[in-house]
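One-based numbering, in listed order, for ligands and for the atoms of each. Here the structure is a predicted model, which means the values were calculated and not measured. Throughout, numbering of the chain's residues begins at 1 and tracks the sequence.
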Amino acid sequence: MAATLKISGWGGYLKQDAQVLTPLSLNACTDYVKDTQAIIARGMGRSYGDSANAPTVLSSLGLNHFIDFDDKTGLLTTQAGVTLRDILSVVVPKGWFLPVTPGTSFVSIGGAIASDVHGKNHHIAGTFGQHITSMTLLLGTGEVVTTSATELPELFHATCGGMGLTGIILSATLRLFPIKSAYINLKTIKANSIEEACEQFEAHSQSTYSVAWIDCLATGKNLGRSVLMVGEHADHGGFDLKIKDPISVPIHTPAALLNSLTMRGFNHAYFAKATHDKAQTVPLIPYFYPLDAIGGWNKLYGKAGFVQYQFVVPKTNGVSNMRTLLTQIAQSGAGSFLAVLKQFGAANQNLLSFPLAGFTLALDFKASTSTIALLHRLDDMVAVMGGRVYLTKDAVMTESTFKKTYTQWQTFEAVRHQYGAVGKFASNQSKRLGLA
Ligand SMILES: Cc1cc2nc3c(=O)[nH]c(=O)nc-3n(C[C@H](O)[C@H](O)[C@H](O)COP(=O)(O)OP(=O)(O)OC[C@H]3O[C@@H](n4cnc5c(N)ncnc54)[C@H](O)[C@@H]3O)c2cc1C
C-alpha cells in the first residue's frame, strides 16, 4: 500500500509531504527497501520531532502480528508494528507486564527499540533494548539478519537506540516481567525545591518506579518544586485492565489559550492539590499512561505545534546544574505544564542510547522563534555539563551539539557502513545531525 500524506512527529512542529509505504508482508518490505533510494521506518509517529519523517517512509503498522508467547517464561515475540497497548491487553490478564514502558502505550515495538525508550524504572531496569533477547532486521542490502547481544552484537547495540538508521526492525522477542495484579501501590511526596526533589529520588532509589511532576515556572525559593510519585506493583486487585477509549481533542486549540498565565495557574493548582505522603492503590493504565486518556492532546498547542525537550545531566553536580537550567527555563516563562523529572541509572552499551546516570527533565514548549533560540542556548549548557538531549524528542539540535554529546557517533556510522545502511536509511533528523 502506498499513499502521499502530510506527516509530522507528535509535536506537529516539523511537517513533511511524504510517500508512506505500508507493506503487509516481509516480501513487500524487502521490495520497498530495494526499490527506494532512501527510506526511514515509521511506527506510531509518537516521537516528537523529525526522526520518523522523510520524503519516503516505511510504515511498520502493517506488520502487526503476534508470533509467539510463552506464558511460563514471559518470552513474547511479535512483529515490529504491534503496539505496547496491544501487548498489554494480551499479557496483563496472564500476569505479565512490560519490563520497561514509556509514558504512552501508543508506541510500536519497532519505535520502542529504535529509541531505546526508558520508563519510570530506569534506575532499576535500564532501557527497553536491555530486555530484547533478539530481533530480526531488514538491512539495506535486502538481507534479513537476526541480531542480539551475542549475535552480531555491534549491529544490535547500534539498532537499539539507533533511530531506524541501521535497517527496518521486522520482529523482536521481549522478556516480560511477572506481576500479581493490574494495580500499583502509589505514594505521593511533595518537594519544595529542586534540591528536595533530588534528595527524595535518592531516598527512594530502591523503589521500582519513581517520577516527579515539576513546576518549571516557579522561581525563587520555589524553583523546582515537585510532586514525586513512587510506585510498586500491588499483589492484589485482579488483572482487569480497565482500558477506556480516549476522549478526544477534536480541533487545534487556539495557541493563545496556553499562555504563561494559564500555565502558571495550572502548575500552582496542581502543586496545591497534591497531598504529601499520601498512599493509595491505583490501576496500572492511568498510572503509567495518564495522557493516553485524552486522544489528540497534542492539538492543545495550536497549529504551529510544540517541541518537547528532554535532557539529562550527569549525577556529579547534577542538582546544581539542574538548578541552573531550571532558572533559565523559568526566566524565559516559556515552559509548559506537566514537566517531568526522573532519575536515571547507569548508561548501557547501545551506541546512541540517551540515558546516563543522573537527572533528566522533559517539558513542552510551544513552537516559536524565541523558543527555538532558547533550546539552542539550553543545548549548549547541557553539552558543557556533560549531558545530552534525547533524540526521539529532538527537533532542533545542531550537528555540532549531536557530535559533541553522542560521543560514539563515529562507531555508529562505522556499523551502518558495514551493514549497508549508509545512504539507504535516512530521516530528516539524521540529515540535520550530519549522519551519512
Ligand atoms: C505522551 C508520550 C509520552 C512518552 N513518554 C516517553 C517516556 O516516558 N520515555 C521514553 O523513552 N519515550 C517516551 N516517549 C517517546 C516515545 O516512546 C518514542 O518516541 C517511541 O520511539 C515512539 O514509538 P513510535 O512507534 O511512535 O515510533 P515513531 O515515532 O514512528 O518512530 C520513532 C523512531 O523509531 C524508528 N522506528 C520506528 N519503527 C521502526 C522499525 N520497525 N524499524 C526501525 N526503526 C523504527 C523511526 O525511524 C524513528 O527514528 C513518549 C511519547 C509520547 C507521545
Would you check if the side chain of Lys403 reaches a backbone N or O of Gly434 as a donor-acceptor pair within less than 3.5 Å?
yes
Any side-chain to backbone donor/acceptor pair from Ser207 onto Ser210? Under 3.5 Å, distance only.
no
Angle class for the Trp96/Phe69 ring planes (parallel below 30°, perpendicular above 60°, tilted otherwise)? perpendicular
* To do: If the plane angle is over 60° it's perpendicular, under 30° parallel, otherwise tilted; pick one for Phe344 and His118.
  => perpendicular
Is it true that Phe177 and Phe97 have ring centroids separated by less than 6.0 Å?
no
task = Tell me yes or no: between the side chains of Asp379 and Thr401, is some donor less than 3.5 Å from an acceptor?
result = no
Using heavy atoms and a strict 4.0 Å limit, residues surrounding ligand 1 turn out to be Trp10, Ile40, Ala41, Arg42, Gly43, Met44, Gly45, Arg46, Ser47, Tyr48, Ser51, Ala52, Ser60, Ala80, Pro102, Gly103, Thr104, Val107, Ser108, Gly110, Gly111, Ala114, Ser115, Val117, His118, Met163, Gly164, Gly167, Ile168, Ile169, Trp297, Lys342, Tyr390, Thr392, Lys393
